[in-house]
Amino acid sequence: MRILVVNPVGTDIWDKKDEEYLRRFARKDTSINVLSLKEGPASLETFQSMMQVCPSIIELVKKCEGKYDAIMVNCFGDPCVKAIREIVNIPVLGPGETSMLIASLLG
């Protein structure tokens, strides 16, 4: 299993720590690659900032197409998740939607 994790921000300062953290929960044969955007805001705090990064996220996903078995956009606001699902034929997850769906099953 090869998973692409997109940090939808214009800095790579969290990439290594995120990869280390996520690797703790993955199977040993799972590859996790965390990539951030080349340009963009340092954090996503508004709907406007989430829309701003969508073209860059889509561009990154297109460059990586065929190399991964799943994609996670690492932001609770799930920017561009639905648009990416229209582009690729692999699972695309965001922590916001995923967390709320799991919570609805448990609660």
Side-chain angles (χ1 to χ4, degrees):
M1 170 73 67
R2 299 162 300 164
I3 301 173
L4 171 63
V5 177
V6 177
N7 275 343
V9 291
T11 178
D12 64 358
I13 61 172
W14 296 294
D15 291 359
K16 185 175 179 180
K17 287 285 187 190
D18 287 350
E19 189 172 319
E20 290 170 2
Y21 173 77
L22 294 168
R23 194 168 302 289
R24 293 184 354 205
F25 301 100
R27 291 175 22 173
K28 292 189 188 312
D29 61 344
T30 298
S31 165
I32 298 173
N33 190 17
V34 180
L35 299 175
S36 55
L37 306 177
K38 291 180 181 172
E39 294 179 4
S43 66
L44 302 183
E45 305 295 332
T46 64
F47 289 111
Q48 192 172 23
S49 63
M50 284 190 274
M51 296 306 295
Q52 177 186 353
V53 297
C54 281
S56 298
I57 294 171
I58 290 170
E59 180 182 335
L60 176 61
V61 167
K62 285 181 177 179
K63 284 182 184 177
C64 295
E65 193 169 4
K67 298 178 184 176
Y68 296 95
D69 302 306
I71 297 171
M72 180 181 93
V73 179
N74 196 18
C75 174
F76 202 80
D78 298 344
C80 275
V81 166
K82 291 179 181 177
I84 297 168
R85 288 176 182 158
E86 293 177 354
I87 297 169
V88 297
N89 287 326
I90 57 175
V92 179
L93 306 169
E97 179 184 52
T98 303
S99 297
M100 288 183 257
L101 288 171
I102 294 294
S104 72
L105 292 172
L106 298 174

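The hydrophobic clustering, which links ILVMFWY residues whose side-chain heavy atoms are closer than 4.5 Å, places L101 and F76 apart. A single hydrophobic cluster is seen to contain both L35 and V73, as judged by linkage of ILVMFWY side chains at heavy-atom distances under 4.5 Å, directly or through other members. M100 and V81 fall into different hydrophobic clusters, defined by Ile, Leu, Val, Met, Phe, Trp and Tyr side-chain heavy atoms under 4.5 Å apart, directly or through other members. Cluster annotation: L60 and M50 are assigned to the same hydrophobic cluster (Ile/Leu/Val/Met/Phe/Trp/Tyr, side-chain heavy-atom contacts under 4.5 Å, transitive).
Rounding to the nearest 0.5 Å places CD1 of I3 at 8.5 Å from CG of L22.
Using a 4.5 Å heavy-atom cutoff, the side chains of L37 and I57 are in contact. Residues M72 and T98 fail the side-chain proximity criterion, which asks for heavy atoms closer than 4.5 Å. Looking only at side-chain heavy atoms (C-beta outward), L44 and V53 come within less than 4.5 Å of each other. Residues V5 and E19 are not in side-chain contact: their nearest non-hydrogen atoms beyond the backbone lie 4.5 Å or more apart.
Residues satisfying the side chain to side chain contact (heavy atoms under 4.5 Å, CB included) test with K38, not counting sequence neighbours, are K63. With sequence neighbours excluded, the residues forming a side chain to side chain contact (heavy atoms under 4.5 Å, CB included) with A26 are T30, I32, listed by chain and number. Residues satisfying the salt bridge (Lys or Arg N to Asp or Glu O under 4.0 Å) criterion with E20, sequence neighbours excluded, are absent altogether. Residues passing the side-chain hydrogen bond (donor to acceptor under 3.5 Å, both in side chains) test with R24: none are found, sequence neighbours excluded. Legend: residues meeting side-chain hydrogen bond (donor to acceptor under 3.5 Å, both in side chains) with E45, ordered by chain and number and at least two apart, are S43. With sequence neighbours left out, the side-chain hydrogen bond (donor to acceptor under 3.5 Å, both in side chains) criterion links N33 to Y68. With sequence neighbours left out, the side chain to side chain contact (heavy atoms under 4.5 Å, CB included) criterion links S36 to N7, D12, D15. Applying the side-chain hydrogen bond (donor to acceptor under 3.5 Å, both in side chains) criterion to T46, with sequence neighbours excluded, gives S49.
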Check: residues 89-97 side-chain donor-acceptor pairs under 3.5 Å, at least two apart:
from	atom 1	to	atom 2	distance (Å)
E97	OE1	R85	NH1	3.3
E97	OE1	R85	NH2	2.6

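Counting all heavy atoms, side chain and backbone alike, R2 lies closest to G66 at NH1-O, 4.1 Å. Taking both residues in full, the closest heavy atoms of S56 and E39 are given as OG-O, 4.4 Å, listed atom of the first, atom of the second, then distance.
Screening residues 13-52 for ring-ring contact (aromatic ring centres under 6.0 Å, His included), with sequence neighbours left out, gives Y21-F25. The list of disulfide (SG to SG under 2.5 Å) pairs with a residue in residues 13-52, not counting sequence neighbours, is empty. Pairs engaging residues 56-107 under the disulfide (SG to SG under 2.5 Å) rule: C54-C80 [sequence neighbours left out].
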**Request:** Step by step, work out the side-chain contact (heavy atoms from CB on, under 4.5 Å) result for K67 and L4.
**Result:** CA-CA 9 Å; K67 298 178 184 176; L4 171 63; over 6 Å; no
